[in-house]
Q: 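Below: one structure in structure tokens.
First listed ligand is number 1; within each ligand, the first listed atom is number 1. Atom set for the values below is all heavy atoms of this structure, side chains included, hydrogens, waters and symmetry mates excluded.
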Amino acid sequence: MQQALAGAERIFQIIDAPKEYETLPEQGRAKSFRSLTISNVGFSYSNSKEDLVLRNVHFHVKAGQTIAIVGGSGGGKSTLFKLLLGLYSPTSGWIEIDNRSGDSMGLREYRDYFSLVPQETILFTGTIRDNILDGNLEADEASVIAAAKKANAYDFIMKLSEGFDTAIGERGSRLSGGQKQRIAIARAILRDAPILLLDEATAALDNESEKIVQDALTKLMVGKTTLIIAHRLTTVQNADLILVMENGNLVEQGTHDALLLARGRYHSLYYTQLEESEDTEKIVQEA
Ligand SMILES: Nc1ncnc2c1ncn2[C@@H]1O[C@H](COP(=O)(O)OP(=O)(O)OP(=O)(O)O)[C@@H](O)[C@H]1O
Ligand SMILES: [Mg+2]
């Protein structure tokens with residue numbers, strides 16, 4: 001009884017919470033997209049000026065570009081994505097798409113611009129089909145299959161006893177890490193939004209699984225504007241712009257070549273990673 005009461009209290013808190021959307025217009029598809037501007041954005045989870053998680057973050061993204069975000073753990077990279085998605089509002093500064101703010105266009109329309117592949121895949125109890133359809137509830141069967149194929153998920157799905165109708169267990173507990181990620185990628189492919197936010201998982205996948213996921217991500221990025229929180233050297237090198245974040249500050253930005261020449265933070269991050277990957281290769285070869 002006591003437990004049920006405590007549970008009920010939390011449920012009522014959620015029911016009573018203010019709605020994000022007062023009206024729910026038709027789920028639209030953002031059609032054109034030209035630019036995304038992040039102007040002097042500052043943010044604190046506690047709304048106080050003392051513990052800012054982001055300070056004066058400022059950059060501009062043009063349609064079709066790939067922006068890599070790198071930097072140490074806790075630097076504020078995933079937080080930046082939460083602000084871009086409108087899950088939190090900046091404490092200072094502003095974010096605009098095609099010179100319009102989220103406030104002026106409405107949160108629903110604003111969010112239609114984005115697809116997210118999060119650092120930790122979020123799946124819900126249900127079938128594989130339900131989880132992929134979450135990207136676009138109106139999609140037909142052919143589109144679901146096409147998305148699964150593009151995400152390199154089709155083959156493993158077909159090997160499961162009930163294919164797309166297989167129940168994946170609580171939060172996808174019956175799938176491996178790499179399989180879950182590929183379901184999340186299929187979902188993002190189906191969603192087909194102009195701006196992709198990819199938060200590369202830090203959790204280690206084995207080499208082969210990582211290659212399959214990487215290949216699916218590359219296919220997902222075709223024709224999109226992509227912001228990618230990157231840990232892999234290859235993703236970073238090919239980006240149009242690299243942003244280096246440390247302790248909430250954007251400490252450097254530029255292309256791979258320019259940042260290497262500058263011999264700053266990126267230079268040292270790059271060579272540390274390079275040495276690590278060479279060490280790994282040596283170990284693999286020796287084994
Ligand atoms: N919901 C939250 N409430 C309060 N503080 C938070 C919350 N989420 C993150 N933080 C803090 O904000 C800071 C930035 O975290 P964030 O997750 O953005 O880092 P990150 O750059 O993505 O790190 P990683 O590379 O490890 O994923 C950290 O100090 C973290 O403890
Ligand atoms: Mg993160």
Side-chain angles (χ1 to χ4, degrees), residues 10 13-14 17-18 20 36 38-59 61 66-95 102 107 111 114-123 171 177-178 180-181 184-185 188 195-205 210 213-214 217 220-221 226-237 239 241-254 259 264-277:
R10 284 202 295 271
Q13 266 173 19
I14 289 169
E20 274 191 328
L36 168 69
I38 288 83
S39 289
N40 300 315
V41 163
F43 179 70
S44 145
Y45 280 100
S46 60
N47 256 324
S48 87
K49 289 231 163 65
E50 270 90 77
D51 47 347
L52 284 173
V53 173
L54 294 174
R55 287 182 212 89
N56 257 321
V57 175
H58 195 91
F59 62 95
V61 184
T66 297
I67 313 290
I69 304 166
V70 301
S73 186
K77 304 180 295 297
S78 299
T79 302
L80 178 63
F81 275 13
K82 290 184 209 166
L83 296 189
L84 284 172
L85 289 167
L87 297 175
Y88 293 92
S89 299
T91 313
S92 57
W94 63 90
I95 297 171
L107 205 47
R111 282 192 187 147
F114 297 96
S115 268
L116 170 75
V117 179
Q119 195 161 14
E120 278 160 43
T121 303
I122 301 159
L123 298 181
R171 294 172 194 226
K180 278 192 251 187
Q181 280 181 349
I185 294 169
I195 309 172
L196 270 176
L197 302 180
L198 305 180
D199 203 341
E200 269 187 356
T202 29
L205 294 175
E210 176 161 335
V213 170
Q214 190 63 37
L217 284 177
L220 171 63
M221 285 163 66
T226 309
L227 274 77
I228 179 163
I229 297 176
H231 310 288
R232 296 177 184 89
L233 293 170
T234 42
T235 328
V236 182
Q237 278 177 36
L241 180 70
I242 300 165
L243 309 173
V244 187
M245 292 195 66
E246 293 294 343
N247 302 320
N249 295 301
L250 202 57
V251 291
E252 282 182 324
Q253 55 177 302
L259 288 177
R265 189 73 190 100
Y266 180 76
H267 182 271
S268 58
L269 269 175
Y270 180 78
Y271 281 99
T272 320
Q273 266 205 38
L274 200 63
E275 274 163 27
E276 275 170 17
S277 65

Q: With a cut-off of 2.8 Å, how many protein N, O or S atoms neighbour the Mg ion (ligand 2)?
A: 2
Q: Kindly compute the distance separating CD1 (I38) from CG (L83), expressed to the nearest 0.5 Å.
A: 9.5 Å
Q: Pick one of side chain, backbone, both or neither for how E246 approaches ligand 1, counting any non-hydrogen atom pair under 4.0 Å.
A: neither
Q: What do we get for T79 next to ligand 1 when only non-hydrogen atoms under 4.0 Å count, side chain, backbone, both or neither?
A: both
Q: When rounded to the nearest 0.5 angstrom, what is the spacing between CD in E252 and CG in L259?
A: 5.5 Å
Q: Specify side chain, backbone, both or neither for M245, according to which of its non-hydrogen atoms lie closer than 4.0 Å to ligand 1.
A: neither
Q: Regarding atom 28 (C) of ligand 1: of the candidates G74, S78, G76, G248, which has the closest heavy atom?
A: G74
Q: Short list, please: which atoms of ligand 1 are under 4.0 Å from a heavy atom of G75?
A: 19 (O), 20 (P), 21 (O)
Q: Just jot down the ligand 1 atoms closer than 4.0 angstrom to any heavy atom of Q119, in number order.
A: 27 (O)
Q: Can you confirm whether N56 sits close enough to L250 that some side-chain heavy atom of one is under 4.5 Å from a side-chain heavy atom of the other?
A: no
Q: Could you check if a side-chain atom of V236 sits within less than 4.5 angstrom of a side-chain atom of Q273, using non-hydrogen atoms only?
A: no
Q: Does the side chain of T79 pick up a donor-acceptor pair with the side chain of Y45 at under 3.5 Å?
A: yes
Q: Measure the CG-CG distance between L52 and N247 for me, rounded to the nearest 0.5 Å.
A: 12.0 Å
Q: side-chain contact (heavy atoms from CB on, under 4.5 Å) with V244: which of I69, N249, V70?
A: V70
Q: Counting each atom of ligand 1 from 1 as listed, which ones have a heavy atom of K82 under 4.0 Å away?
A: 8 (N)
Q: Taking CG in L87 as the centre, count heavy atoms belonging to other residues, nucleotides or ligands within less than 6.0 Å. Is the count above 12?
A: yes
Q: If you look at every heavy atom in F81 and D199, which pair is closest and at what distance?
A: CE2-N, 4.0 Å
Q: Report the C-alpha distance between E200 and Q214 in whole Å, list the side-chain angles of each, state the deciding distance to 0.1 Å, and finish with yes or no for side chain to side chain contact (heavy atoms under 4.5 Å, CB included).
A: CA-CA 10 Å; E200 269 187 356; Q214 190 63 37; 4.0 Å; yes
Q: For ligand 1, which atoms sit closer than 4.0 Å to a heavy atom of V53?
A: 12 (O), 13 (C), 14 (C)
Q: If the cut-off is 4.0 Å to any non-hydrogen atom of S73, which atoms of ligand 1 fall inside it?
A: 23 (O), 24 (P), 25 (O), 26 (O)
